Engineer: 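Before we start, here is the structure in question, set down as structure tokens.
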2 protein chains.
Amino acid sequence: MSSKAFSSVWLRESRKATSPGRSREEIVRAALELLDEEGPSGLSMRKLGAKLQAGATSLYWYVANKDELLELLYDEVWADMTVQDPDEVGWRASATTLAYSMRQAILSHPWAAGLIGRLPALGPNALHVANEMRRMFKRAGFTGLDTDFAIATLTAYVFGMTIPEIAWKTTTGNREYDPEEMRAAVAQAAADYPDMLESVNMAGYEDPQAVRAMAFDFGLLSMLDGLERRLAT
Amino acid sequence: MSSKAFSSVWLRESRKATSPGRSREEIVRAALELLDEEGPSGLSMRKLGAKLQAGATSLYWYVANKDELLELLYDEVWADMTVQDPDEVGWRASATTLAYSMRQAILSHPWAAGLIGRLPALGPNALHVANEMRRMFKRAGFTGLDTDFAIATLTAYVFGMTIPEIAWKTTTGNREYDPEEMRAAVAQAAADYPDMLESVNMAGYEDPQAVRAMAFDFGLLSMLDGLERRLAT
DNA sequence: ACCTGAACACCGTTCAAGT
DNA sequence: ACCTGAACACCGTTCAAGT
């Protein structure tokens, strides 16, 4: 690989929106529609150009490349995350509602699953959330690097738990699919492991959503208990 | 979307390896080389065909499509994860070394970052690890669904923490890159948030690896403490 | 049974040329 | 300053045809 400087959309000036026609905002809005309607494969520079009644290559005036566009889009997901003031409700309640809110934000923008953790999150919305988390954990009593570690731990858990949830939903979701067939398939794969088999057969394939939610709760509780424990030492 | 049954390579018979020439194993081995050497973009059906001195389309005899090939490759990552017997070292030590081993496995196959959580993990290696985790947590005292939840929580944490680590390494790694320039860039983005700025300026851009490792420790400790707490109630 | 090349329907991106 | 179409260098996959 040749030497190439680190870059991000957020570090470059946006082209001024001149005519009523195109602008970064317009492009992002249209791209968002494409993604939310058709999923990740719905977004190509060509399709996006068409939707905006423009040549695909016109977009390159506003955005350096597709990755930059994705950075822009990624930040929109962070806009859907809401934070309750830790000074009002306490850090733990604040962390809990934020975690749920993060999970919800990803679930409602499934196309973002492939972006999380792979794109720098330096957009204004991401920074705002990061800053709120910082306040939250400082309020809890963390100091120095521990504050950063707590932030990283919480986001890692939420994203790590939610991304597979999306994969599950998109393979099974919006499609004629028989939960029984699914169960049987997994059971077949796990045939050699009696303990796993047992679990597969009872793990609620009829209501996977409910089980997922329970799992999220369980892990979140553990996570927060563990962080609280750090404060005690 | 039309109705399409759930499918996975692991649920279909493999074509028999006949001649010394090609087989699923040969293909996977060659693909693995491509990925480890050139990264995710190094793998295309055409390049893989060329490497095997075959037409790109020959591969479709052994593998239904690229996604199936990726499933096969993904399972190889799980092969690198090692588990210590919880009956010998205790569940917590076993969980700790497994967590490190999982992190290490992903770090040494960075191309897998994009696959984790998005592909079903039904391969023999993945199942073996999953089963070991089950033993581990049962030994710890978990029962019923809680065992599954503990497994999900631990893997979510490890993957959620490690994937961004890879992203960081591949944007900055193997490339002329100035940590100071990087720091300055992030600082610029965070300009509006004094607390974040402060943290950015001390967060060890000279030795990001060390800081990452500390963060992983911190979170893992929290996670396991939290799980232990579940057992007490 | 196994392999092939041609062909189809796409991609992201560059760039000279237009207004 | 902004937009264009043509062109380049790729993709995954299907399929009729070959051995």
Side-chain angles (χ1 to χ4, degrees), chain A residues 1-2 4 7-9 12-28 30-31 34-35 37-74 111 114-115 118-119, chain B residues 1-2 4 7-9 12-28 30-31 34-35 37-74 111 114-115 118-119:
Chain A
M1 301 290 136
S2 68
K4 205 168 97 187
S7 76
S8 165
V9 227
R12 304 192 304 109
E13 278 299 304
S14 171
R15 302 274 196 190
K16 283 215 293 280
T18 50
S19 61
R22 269 145 275 184
S23 67
R24 262 196 193 173
E25 292 80 46
E26 287 271 337
I27 290 172
V28 168
L34 241 29
L35 286 171
E37 284 165 16
E38 306 179 29
S41 71
L43 179 66
S44 78
M45 299 304 270
R46 285 170 156 90
K47 285 184 197 164
L48 183 54
K51 185 176 178 109
L52 290 164
Q53 265 133 338
T57 56
S58 313
L59 307 173
Y60 286 85
W61 180 256
Y62 298 96
V63 128
N65 48 42
K66 197 185 179 181
D67 272 353
E68 277 206 357
L69 176 56
L70 290 175
E71 265 194 282
L72 258 5
L73 292 163
Y74 182 31
W111 49 264
L115 270 35
R118 221 158 312 98
L119 246 43
Chain B
M1 301 289 136
S2 68
K4 204 169 98 189
S7 75
S8 165
V9 227
R12 301 192 305 110
E13 278 300 304
S14 172
R15 302 275 195 190
K16 281 214 293 279
T18 50
S19 61
R22 270 144 275 185
S23 67
R24 261 195 195 174
E25 291 81 47
E26 287 272 336
I27 290 172
V28 167
L34 241 29
L35 286 172
E37 284 166 16
E38 308 179 29
S41 71
L43 179 66
S44 78
M45 299 305 271
R46 285 171 156 90
K47 285 183 196 164
L48 183 54
K51 186 175 177 107
L52 291 164
Q53 266 134 334
T57 55
S58 312
L59 307 172
Y60 286 85
W61 181 256
Y62 298 97
V63 128
N65 50 42
K66 196 184 181 182
D67 272 354
E68 277 204 358
L69 175 56
L70 289 174
E71 265 192 282
L72 257 6
L73 292 163
Y74 182 31
W111 49 263
L115 270 33
R118 220 156 315 97
L119 246 42

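Please read these numbers as outputs of a predicted model, since none were measured by experiment.
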Engineer: Find the distance B/N65:CG to D/dC11:P and express it as a whole number of Å.
Structural biologist: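 B/N65 atom CG is separated from D/dC11 atom P by 17 Å.
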Engineer: Who pairs with B/E68 by salt bridge (charged side-chain N to carboxylate O under 4.0 Å, His left out), at least two apart in sequence or on another chain?
Structural biologist: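 Scan of B/E68 (salt bridge (charged side-chain N to carboxylate O under 4.0 Å, His left out), adjacent residues dropped) gives B/R12.
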Engineer: Quick one: A/L59 CG to D/dT4 P, roughly how many Å, whole number?
Structural biologist: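 Rounding to the nearest Å, CG of A/L59 and P of D/dT4 are 9 Å apart.
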Engineer: Any side-chain N or O of A/Y62 under 4.0 Å from OP1/OP2 of D/dC2?
Structural biologist: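 No, outside the criterion.
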Engineer: Please write out the pairs of protein N or O atoms and N or O atoms of nucleotides 5-10 of chain D separated by less than 3.5 Å, giving the distance to one decimal.
Structural biologist:
from	atom 1	to	atom 2	distance (Å)
D/dG5	N7	A/T57	OG1	3.4
D/dG5	O6	A/T57	OG1	2.7

Engineer: Specify the closest pair of heavy atoms between B/N65 and B/Y60, including all atoms of both residues, with the distance to one decimal.
Structural biologist: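 Scanning both residues completely, I find the closest heavy atoms to be CA-CE2, 3.9 Å.
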Engineer: What side-chain donor-acceptor pairs closer than 3.5 Å can you find for residues 43-53 of chain B, not counting sequence neighbours?
Structural biologist:
from	atom 1	to	atom 2	distance (Å)
B/S44	OG	B/R46	N	3.4
B/S44	OG	B/K47	N	3.0
B/K47	NZ	B/S41	O	3.1
B/K51	NZ	B/E33	OE1	3.1

Engineer: Ignoring hydrogens, what is the shortest heavy-atom contact between B/L73 and B/V28? Give both atom names and the distance.
Structural biologist: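 For B/L73 versus B/V28, the nearest heavy atoms are CD2-O, 3.6 Å.
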Engineer: OP1, OP2 of D/dC3 versus side-chain N and O of A/W61: anything below 4.0 Å?
Structural biologist: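 False: A/W61 side-chain N/O out of range (4.0 Å or more) of D/dC3 OP1/OP2.
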Engineer: Can you run down the salt bridge (Lys or Arg N to Asp or Glu O under 4.0 Å) pairs that involve residues 52-67 of chain B, sequence neighbours left out, and say none if there aren't any?
Structural biologist: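 Checked against salt bridge (Lys or Arg N to Asp or Glu O under 4.0 Å) - neighbours excluded - no pair reaches residues 52-67 of chain B.
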Engineer: Sequence neighbours left out, what passes side chain to side chain donor-acceptor pair (under 3.5 Å) with B/S8? Give chain and number order.
Structural biologist: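 With sequence neighbours excluded, B/S8 shows a side chain to side chain donor-acceptor pair (under 3.5 Å) to B/E71, given in chain and number order.
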Engineer: Can you list the stems that include DNA chain D, where a stem is three or more consecutive Watson-Crick or G-U pairs with distances under 3.5 Å?
Structural biologist: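 Consecutive-pair runs (3 or more) involving DNA chain D: C:4-8 with D:12-16, C:12-16 with D:4-8.
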Engineer: Grab the two heavy atoms, one from B/L34 and one from B/G42, that are nearest each other, plus how far apart they are.
Structural biologist: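 Taking B/L34 first and B/G42 second, the nearest heavy atoms are CG-O, 3.4 Å.
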Engineer: Choose from D/dT14, C/dC2, D/dC2 the nucleotide whose nearest atom is closest to any side-chain atom of B/Y60.
Structural biologist: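 Nearest nucleotide to the side chain: D/dT14.
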Engineer: Between D/dC3 and C/dA16, how many Å separate the two C1' atoms, rounded to a whole number?
Structural biologist: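 After rounding to an integer number of Å, I get 13 Å for this pair.
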Engineer: Using 0.5 Å steps for rounding, measure from the CD atom of A/E25 to the OH atom of A/Y62.
Structural biologist: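 Going from the CD atom of A/E25 to the OH atom of A/Y62 covers 10.5 Å.
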